[in-house]
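Shown next, in structure tokens, is the structure this report addresses.
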Amino acid sequence: MNLILLGPPGAGKGTQAAKIIEKYNIPHISTGDIFRENIKNGTELGKRAQEYMNKGQLVPDELVVEIATDRLNKDDCKDGFLLDGFPRTVFQAEELDKFLEAKGAKIDHVLDIDVDRDELMRRLTGRRVCKKCGASFHIVNIPPKKEGICDVCGDELVQRADDNEETAANRIEVYNKETKPLIDYYEKAGNIHHLDGTVGLENLFANITEIVGE
Ligand code: AMP
């Protein structure tokens with residue numbers, strides 16, 4: 001099962017991804033996570049990506065495509081994968097299709113999660129993530145049991161560098177300009193499903209499993 005999660009930053013892709021990979025037992029490929037891991041480890045790739053990420057801009061296509069296809073070439077992707085945050089431009093989608101075609105593979109479903117701008121801003125600026133395990137919380141919607149502490153592993157919760165008001169607003173704008181055209185791209189391919197991202201995370205997950213199947 002080859003899946004793509006599409007939708008603006010703050011739509012809940014990461015939260016749904018965690019549930020999807022557990023149910024379907026496929027790897028979660030988040031280009032954002034790969035970049036953040038590289039930034040944490042101080043790699044050259046991390047340094048290059050950070051310049052763009054801190055401003056809420058997209059990392060250049062060539063770099064992202066290379067990272068994503070390298071990851072997709074790993075053995076654990078043979079029987080399926082969930083892409084989260086990739087592709088983000090029509091160029092990336094075309095490159096992904098070429099890559100899959102060469103392997104005789106294709107994308108089965110594109111899950112497009114929709115949430116309005118005001119709600120996205122509330123979600124992004126209130127988001128707190130665990131420094132260690134990456135678990136995601138929200139100061140109002142999903143508060144941790146103890147303020148500032150991860151329920152899962154007990155480490156410290158922090159705000160992502162790009163979740164401040166200005167960068168979050170810019171990320172939404174970049175999404176509308178660069179990534180939204182992908183909806184049309186997959187509409188033509190005929191494998192896109194539109195989902196309301198405000199129905200609650202369990203309902204949203206139920207709607208996703210209805211599409212993907214048991
Ligand atoms: P995310 O965790 O998916 O919100 O990604 C965080 C940031 O990483 C984005 O704002 C971009 O700067 C960068 N990034 C992640 N995935 C991509 C991609 N597919 N294309 C370009 N930039 C990306």
Side-chain angles (χ1 to χ4, degrees), residues 2-89 91-93 95-96 99 111 113 123-138 142 144 148-164 167-168 170-172 174-175 178-179:
N2 300 335
L3 307 173
I4 292 177
L5 272 175
L6 194 64
K13 299 192 296 295
T15 310
Q16 292 302 318
K19 295 172 80 66
I20 293 169
I21 58 162
E22 199 191 343
K23 182 170 173 75
Y24 297 104
N25 200 19
I26 50 176
H28 175 203
I29 303 176
S30 153
T31 39
D33 282 351
I34 296 175
F35 290 136
R36 278 184 291 276
E37 191 62 28
N38 275 274
I39 290 171
K40 208 162 93 185
N41 296 332
T43 68
E44 204 45 49
L45 169 67
K47 281 181 203 141
R48 284 179 67 187
Q50 192 166 27
E51 290 172 43
Y52 300 94
M53 289 172 77
N54 283 352
K55 293 183 224 150
Q57 293 169 357
L58 293 186
V59 174
D61 277 339
E62 287 74 14
L63 194 58
V64 186
V65 169
E66 192 186 326
I67 300 306
T69 52
D70 271 0
R71 179 65 188 86
L72 286 167
N73 267 325
K74 298 244 161 77
D75 244 19
D76 62 340
C77 295
K78 267 201 331 260
D79 297 326
F81 52 79
L82 172 69
L83 286 169
D84 163 11
F86 178 87
R88 254 182 163 97
T89 63
F91 178 83
Q92 292 177 19
E95 291 299 306
L96 173 66
F99 170 85
L111 306 163
I113 308 178
R123 290 185 183 186
L124 290 169
T125 55
R127 172 158 67 180
R128 298 292 181 272
V129 293
C130 176
K131 243 166 77 175
K132 191 168 166 208
C133 75
S136 189
F137 298 85
H138 187 279
I142 322 165
I149 302 293
C150 176
D151 286 357
V152 182
C153 76
D155 215 293
E156 190 191 347
L157 298 180
V158 293
Q159 185 174 44
R160 262 173 56 167
D162 55 355
D163 276 346
N164 65 73
T167 312
N170 195 33
R171 287 162 63 208
I172 295 172
V174 168
Y175 170 82
E178 308 273 355
T179 311

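Computed over heavy atoms, backbone and side chain alike; hydrogens, waters and symmetry mates excluded.
- Applying the side-chain contact (heavy atoms from CB on, under 4.5 Å) criterion to Lys74, with sequence neighbours excluded, gives Arg71, Asp76.
- Every salt bridge (Lys or Arg N to Asp or Glu O under 4.0 Å) that Arg127 has, sequence neighbours left out, goes to Asp163.
- The local environment of CZ in Arg48 is sparse, with at most 12 non-hydrogen atoms from other residues, nucleotides or ligands closer than 6.0 Å.
- Considering only residues two or more places apart in sequence or on other chains, Lys55 meets the side-chain hydrogen bond (donor to acceptor under 3.5 Å, both in side chains) condition with none of them.
- From Ile34, atom CD1 reaches atom CD1 of Ile29 across 7.0 Å, with rounding to the nearest 0.5 Å.
- In this structure, the separation between CG on Leu83 and OG1 on Thr31 is 8.0 Å, given to the nearest 0.5 Å.
- Listed by first and then second residue, the side chain to side chain donor-acceptor pair (under 3.5 Å) pairs involving residues 149-159 are Lys131-Glu156 (not counting sequence neighbours).
- Closest approach of Ser136 to Val129, counting heavy atoms only: OG-CG1, 4.0 Å.
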ask   = Hey, mind stepping through Gln16 and Leu111 against side-chain contact (heavy atoms from CB on, under 4.5 Å) and telling me if it holds?
value = CA-CA 10 Å; Gln16 292 302 318; Leu111 306 163; over 6 Å; no

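- The distance from atom CZ of Phe86 to atom CD1 of Ile67, rounded to the nearest 0.5 Å, is 10.0 Å.
- What you find for Arg171 and Pro9 is that their closest heavy atoms are NH2-CB, 3.6 Å.
- In this structure, CG on Leu157 lies 6.5 Å from CD1 on Ile149, to the nearest 0.5 angstrom.
- Going from atom CG of Leu45 over to atom CG of Leu63 covers 5.5 Å, rounded to the nearest 0.5 Å.
- Every residue meeting the side-chain contact (heavy atoms from CB on, under 4.5 Å) condition with Ala93, not counting sequence neighbours, appears here in chain and number order: Pro87, Leu182, Tyr185, Tyr186.
- Residue pairs meeting the salt bridge (charged side-chain N to carboxylate O under 4.0 Å, His left out) criterion with at least one partner in residues 8-33, sequence neighbours excluded, are Lys19-Glu202, Lys23-Glu214, Asp33-Arg36.
- With sequence neighbours excluded, the residues forming a side-chain hydrogen bond (donor to acceptor under 3.5 Å, both in side chains) with Thr167 are Asn164, listed by chain and number.
- Considering only residues two or more places apart in sequence or on other chains, Leu58 meets the side-chain contact (heavy atoms from CB on, under 4.5 Å) condition with Arg88, Thr89, Val174, Glu178.
- The side-chain hydrogen bond (donor to acceptor under 3.5 Å, both in side chains) check on Gln92 picks up Asp61, with sequence neighbours excluded.
- For Ala17, the side-chain contact (heavy atoms from CB on, under 4.5 Å) partners two or more places apart in sequence, or in a different chain, are Leu5, His28, Leu82, Asp84.
- Summarising the geometry of Gly46 relative to Ile39, their closest heavy-atom pair is O-CG1, 3.4 Å, with the distance given to 0.1 Å.
- Sparse packing is recorded around CG of Asn25, with 12 or fewer heavy atoms of other residues, nucleotides or ligands lying under 6.0 Å away.
- Between Cys133 and Val152, the shortest heavy-atom distance links the atoms SG-CB, 4.1 Å.
- Residues Asn73 and Phe99 are in side-chain contact: their nearest non-hydrogen atoms beyond the backbone lie under 4.5 Å apart.
- Contact record, Ala49 with Phe35: CB-CD2, 3.6 Å, taken as the closest heavy-atom pair.
- Separation of atoms NZ (Lys40) and NZ (Lys132) is listed at 9.5 Å; rounding is to 0.5 Å.
- Side-chain atoms of Ile21 and Pro27, non-hydrogen and from C-beta on, never get closer than 4.5 Å to each other.
- The side-chain hydrogen bond (donor to acceptor under 3.5 Å, both in side chains) test applied to Asn38 returns Thr43, not counting sequence neighbours.
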